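Letters go in sequence order (proteins before strands), and every chain restarts at 1. Just so it is clear, the model here is predicted, and its values are computed rather than measured.
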Amino acid sequence: DQQVKQNSPSLSVQEGRISILNCDYTNSMFDYFLWYKKYPAEGPTFLISISSIKDKNEDGRFTVFLNKSAKHLSLHIVPSQPGDSAVYFCAASPNYGGSQGNLIFGKGTKLSVKP
Amino acid sequence: DSGVTQTPKHLITATGQRVTLRCSPRSGDLSVYWYQQSLDQGLQFLIQYYNGEERAKGNILERFSAQQFPDLHSELNLSSLELGDSALYFCASSVAEGPGLYNSPLHFGNGTRLTVT
């Protein structure tokens, strides 16, 4: 039973346009959400995170939006660059009454940014 | 460079054998996590240690074990290896006891690719 779902295995975007990557979750105990980027033959690299007390967090070209009522988060990349081509993983961490859980990952979305 | 070091990068071994994967966390990080990524699978959490003590356990097989040493490096031991154990094994570290505590993201090493033949 997947608690974190990335329903689009792949996404292709033109350079300079916006990339929107989506993620849905089922566990209402999740209170910290992260996006990771992964290039082939490397480990996942932390990109941006958001706490459940916020609905938006921005870092340069990257913005994460959180909609708690819909249990949905998205990552916007504007403008997209060819170097952004990678697999993007959404991850979430539950808070069990103060006992911090580990990160649970989605299966990833492969982003291709075409010049 | 995340600052997390994993050795070896590649490991090829036969079924029934035992291997040890090693991880050095980022300087100052007290938590170490182990994840497995098989073909077509996402990252599956195996086990977490915080300052030498086991903190959380995921889908870790009984044939697998881990420990974190006083210098905070960690080892993942895989024994009685089967073909299905072939995967990428990632180590990650963070400063806090859990990722949600003080919004402490995990930082990953580049993984050890294990091939069981």
Side-chain angles (χ1 to χ4, degrees), chain A residues 1-10 23-25 27 29-54 57 59 62 64 66 86-110, chain B residues 1-7 9-10 21 23-26 29-50 54-60 66 88-113:
Chain A
D1 181 29
Q2 267 191 285
Q3 298 185 65
V4 177
K5 296 178 187 179
Q6 294 177 256
N7 292 319
S8 298
S10 63
C23 177
D24 297 298
Y25 61 95
N27 190 337
M29 296 300 292
F30 288 150
D31 69 346
Y32 181 51
F33 303 88
L34 307 89
W35 285 95
Y36 283 83
K37 178 169 76 171
K38 187 181 181 304
Y39 293 117
E42 293 184 11
T45 301
F46 169 67
L47 206 51
I48 191 169
S49 65
I50 187 166
S51 164
S52 60
I53 61 171
K54 293 185 171 183
N57 189 25
D59 184 1
F62 303 92
V64 56
L66 176 62
V87 177
Y88 288 78
F89 290 96
C90 167
S93 175
N95 179 356
Y96 297 124
S99 168
Q100 302 299 317
N102 62 89
L103 283 186
I104 298 170
F105 284 82
K107 290 197 174 182
T109 296
K110 184 174 182 178
Chain B
D1 182 10
S2 68
V4 178
T5 305
Q6 287 188 250
T7 56
K9 283 189 167 57
H10 302 277
L21 312 185
C23 170
S24 294
R26 286 190 329 161
D29 284 358
L30 298 177
S31 271
V32 169
Y33 302 75
W34 286 97
Y35 281 82
Q36 180 193 56
Q37 185 180 29
S38 305
L39 215 58
D40 297 331
Q41 293 289 321
L43 288 145
Q44 301 292 320
F45 170 67
L46 295 178
I47 196 163
Q48 178 207 358
Y49 281 82
Y50 176 76
E54 183 183 301
R55 263 298 179 263
K57 227 169 181 176
N59 300 324
I60 187 166
L88 262 170
Y89 290 85
F90 287 105
C91 169
S93 71
S94 71
V95 63
E97 195 170 339
L101 197 60
Y102 311 125
N103 292 345
S104 171
L106 274 59
H107 297 273
F108 284 80
N110 284 332
T112 293
R113 181 173 292 281

Given that the side chain runs from C-beta out, which part of A/Phe33 has a heavy atom under 4.5 Å from chain B: side chain, backbone, both or neither?
neither
Between A/Phe46 and B/Ser2, is any pair of side-chain heavy atoms under 4.5 Å apart?
no
Nearest-0.5 Å distance that lies between atom CG in A/Leu103 and atom CG in B/Leu43
9.5 Å
If you take all heavy atoms of B/Phe90 and A/Lys38, which pair is closest and at what distance?
CZ-CE, 3.6 Å
How close do A/Gly43 and B/Asn110 get, counting heavy atoms only, and between which atoms?
N-OD1, 2.9 Å
Under 4.5 Å heavy-atom distance to chain A, tell me which part of B/Gln37 shows up: side chain, backbone, both or neither.
side chain
